[in-house]
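Okay, so here's the structure we're looking at.
Below, read A as the first sequence line, B as the second, and so on, with proteins coming before strands; counting in each chain starts at 1.
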Amino acid sequence: MDPKILIARRVAQEITPRSLVNLGIGIPTLVSDYLDEDMGVFFQAENGAVGMGHRPPEGMTDRHLTDAGGRFVSFVPGASTIDSAFSFGLIRGGHLDLTVLGALQVDEKGHLANWMIPGHYTPGMGGAMDLVTGAKKVIIAMQHTAKGEAKIVPECTLPLTSERRVDLIVTELAVMKPEDDGLHLIERAPNVPLEVILEMTEAKLIHGPDVPEMQIGC
Amino acid sequence: MDPKILIARRVAQEITPRSLVNLGIGIPTLVSDYLDEDMGVFFQAENGAVGMGHRPPEGMTDRHLTDAGGRFVSFVPGASTIDSAFSFGLIRGGHLDLTVLGALQVDEKGHLANWMIPGHYTPGMGGAMDLVTGAKKVIIAMQHTAKGEAKIVPECTLPLTSERRVDLIVTELAVMKPEDDGLHLIERAPNVPLEVILEMTEAKLIHGPDVPEMQIGC
Amino acid sequence: MHLAISIDEAVDLIPDGATVMLSGFMGVGVPDRIVHGLAEAGKKDLTLISNDTARDTTGPGPLFAANCVRKLICSHMGLNTIVQAQFASGELEVELVPQGTLVERIRAAGVGLGGILTPTGVGTKVAEGKEIIEVDGKSFLLEKPLTADFALIAARSCDYVGNLAYMLTATNFNPIMALAGNTVICEPEEIVPVGMIPPDLVKTPGVLVDHVIKTTA
Amino acid sequence: MHLAISIDEAVDLIPDGATVMLSGFMGVGVPDRIVHGLAEAGKKDLTLISNDTARDTTGPGPLFAANCVRKLICSHMGLNTIVQAQFASGELEVELVPQGTLVERIRAAGVGLGGILTPTGVGTKVAEGKEIIEVDGKSFLLEKPLTADFALIAARSCDYVGNLAYMLTATNFNPIMALAGNTVICEPEEIVPVGMIPPDLVKTPGVLVDHVIKTTA
């Protein structure tokens, strides 16, 4: 299975019925493809969309209805629009049940760095700091390493996005959960040996003798 | 002329076209009766009405459209409704051009006391503190004295409504304006001698030899 | 999606001693049926957060007549004689808050801010015991967020997602309290099918609403 | 009441060096005609407050292509290559603000609050040089109000009172910036007679709007 699809499918399992969910760009966006529409999940975007549906076909787009990337979307029945202050009120106020975001680094404390590489061009944090600080649950969905460099590290060397501990990290190799005592390895991807995960991870991973496999029933 | 009507007519002269105005209960409420409707003034109420018109006739009332006292009102063309946070955003944010309020006491510094008499039952300040603190212009419309007691005093003995200096005080005897150097007597009511005003006022009034009469052209 | 519940079911959700925000302004935009339900059920020791207390028999009035309220946080209680008597006798504790501060404290709780910095009340009795924060040479009162176990709100229209639309001045505190209650219960005048309220007319997205009350008993 | 003005008249109101809030989100809900007007007029040294910089030719893009902007306050400038180049060369000064903080700072200015107390940014680079306020044991950043000489906003519908209604996600920053500009200029898609926008559909009361731009040149 494509690593990105594996990650998206695993993250989709974390989404509960009727919840309000914000998906970041990249892999997180794919998550909505693996959800049962009957679950009544509402997708929110920073620009004030509550209840986004699929991209409409050519000829049925409207320039007043877009996602946070400015791409045309549709609305599901029961959708609504709110202004930017209200949108971030939902995010900061703990009304957003889940945000799924990418990362540059995550560390043993569950701290996230995903907006800035000093010395490089920084496009801006957009809504990321509010999302990570305010959402009820934060899941990081990312490739386990970047060009061979570890992304799961003992302590973030890049500037943090928030002081808040993320709730879950899902990669194509593993599922990890930061807790008070450190970063727990809780699942392996199908057919991935424990040793491979430990080798690809600079952070110390806490685990028992048997780490269960993800159940993603392909 | 009835003293209350005199006050209301004089205050009405202070209202500029197309302004947003909040009228308190009592004498201030009368002010709207003496305005030309062509002026395009919008009356605002704390409960979120922007553009209140006259009380509708029996049979044309609606329980969803009331003023801040819960009384039925109508809307003028171009009226709108806003929520309570927005309503006080207009008030506190300096978007309200004028508020006209009653007073228990006003003093030489232009400080207002209109919400509490220690030892007596205090119904609550409602929106008064926000109105006095936030409106662009605050006019006090009141009877010059209360049961023989002076209401315009050297320094308020009752708890203040705000630290903000009110802009104008209009009574059935005089118009007064608080400035940096004290309280200026700027107009006399028709046929009221200067001595009467000075006698009825505990505060020191600054005035020239000739205090002009109000021009209210009855 | 919500299965609408009865007034009795809604009343049963609210225990004695709960902190309850009740929307409305001088009796307008108040969820009257649930107010009567709480009064009839004889709830005790509620802390009530409400702009005002309307009159003896309107708005929150029935809650005082039935001795449900131990503490009241409001901006005005002027026209309710029962409130006046209970306050005078000492059985009702009252905290008076300037109206703009009240609604903004509720909003702050709802949108995850640590409090508000307001010029209202600086230099008055309202400032007593409160922190003053200087910003660029100006003084502001630090007023803390105000939350509640329950927000009881009224709407003109509601769908089964819980989306709410309000009407005219019955809007008032409703959309703000809908942000701030841990559990939000809405008493609508009508419930319509999902999709019938245009997205731009929704003032409270259904994600904020926990329970919708049936329009019939 | 407002007599609608032309784009040229609106452009003439805005001097070089002005601080300008421009609404919109990735090019949606932006008053495009006035943006082009300012670019064509060759305005200089503007301070621009905008959520993002969209792309080279959309949203605020033309202002950068015409070298109108000296300082930019935004939450994201990722997809505009001209902004990127001007920032790299040092000719454009940039202040990055978290999006929720940006909109709430604008609102604070508009509603007369002394600033906001937000948990966003605490413990990050964003907190550098800023005051931390403790409220009941939790830390919040004190972020100051953000105002502007002009707010340039876009609306779906407008009447001659200046009442505004927005459409779907083109709403975004518009109603908030309408509160915070010293002079508010609106570019509507349509102007309708007074009374045609129902009171509950008005998201920005006309009292906030100083100038309305004609829908035809």
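Of all the heavy atoms in Gly78(D) and Pro123(A), the pair that sits closest is CA-CB, 3.3 Å. The shortest non-hydrogen separation linking Pro119(D) to Arg92(A) is CD-CD, 3.9 Å. Taking both residues in full, the closest heavy atoms of Phe25(D) and Ala68(A) are given as CE2-O, 3.1 Å, listed atom of the first, atom of the second, then distance. In terms of heavy atoms, Gly100(D) sits closest to Asp130(A) at N-OD2, 2.8 Å. Across all non-hydrogen atoms, the minimal contact from Met129(A) to Pro98(D) is SD-CG, 3.7 Å.
Heavy atoms of other residues, nucleotides or ligands lying less than 6.0 angstrom from CD1 of Ile132(D) number more than 12. Annotation for Lys4(A): atom NZ does not count as buried by contact number, only 12 or fewer foreign heavy atoms lying within 6.0 Å. The 12-atom threshold is not exceeded at NZ of Lys109(A), counting heavy atoms of other residues, nucleotides or ligands nearer than 6.0 Å. Heavy-atom contacts from other residues, nucleotides or ligands closer than 6.0 Å to NZ of Lys130(D) number more than 12. Around the CZ atom of Arg165(A), the shell of radius 6.0 Å holds more than 12 heavy atoms that belong to other residues, nucleotides or ligands. Dense packing is recorded around CD of Glu190(D), with more than 12 heavy atoms of other residues, nucleotides or ligands lying under 6.0 Å away.
Rounding to the nearest 0.5 Å places CZ of Arg107(D) at 9.5 Å from CG of Asp83(A). Summarising the geometry, atom CG belonging to Asp62(A) is positioned 4.5 Å from atom CE belonging to Met167(D); distances are rounded to the nearest 0.5 Å.
No donor-acceptor pair closer than 3.5 Å links the side chain of Thr124(D) to the backbone N or O of Leu160(A).
Only the side chain of Phe87(D) comes within less than 4.5 Å of a heavy atom of chain A; its backbone N, CA, C and O stay farther away. With a 4.5 angstrom heavy-atom cutoff, Ser84(A) touches chain D via backbone and side-chain atoms both. There is no contact between Val94(D) and chain A, counting heavy-atom distances below 4.5 Å. Using a 4.5 Å cut-off between heavy atoms, Ser80(A) does not touch chain D at all. Contact of Thr53(D) with chain A is not made at all, since no heavy-atom distance falls under 4.5 Å. Both the backbone and the side chain of Leu65(A) have a heavy atom closer than 4.5 Å to some heavy atom of chain D.
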Report the C-alpha distance between Met77(D) and Tyr121(A) in whole Å, list the side-chain angles of each, state the deciding distance to 0.1 Å, and finish with yes or no for side chain to side chain contact (heavy atoms under 4.5 Å, CB included). CA-CA 10 Å; Met77(D) 52 173 182; Tyr121(A) 174 69; 3.5 Å; yes
Applying side chain to side chain contact (heavy atoms under 4.5 Å, CB included), run through Phe88(A) and Glu104(D) and close with a yes or a no. CA-CA 8 Å; Phe88(A) 279 86; Glu104(D) 198 69 20; over 6 Å; no
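Note on Asn174(D), Thr171(D), Val103(D), Val126(D): by heavy-atom pairs under 4.5 Å with chain A, the leading option is Val103(D). When Met26(D), Gln84(D), Lys125(D) are compared by the number of non-hydrogen pairs under 4.5 Å with chain A, Gln84(D) comes out ahead. For the options Leu96(D), Thr58(D), Ile106(D), heavy-atom pairs under 4.5 Å to chain A are most numerous at Leu96(D). Top candidate by heavy-atom pairs under 4.5 Å with chain D, chosen from Ala85(A), Gly48(A), Ser87(A), is Ala85(A).
Checking His64(A) against Glu189(D) by side-chain atom types alone, a donor-acceptor pair falls below 3.5 Å.
The side-chain contact (heavy atoms from CB on, under 4.5 Å) test with Asn47(A) singles out one residue from Thr169(D), Asn51(D), Val28(D), and that residue is Thr169(D).
A 4.5 Å side-chain heavy-atom check between Leu168(D) and Phe75(A) finds at least one atom pair inside the cut-off.
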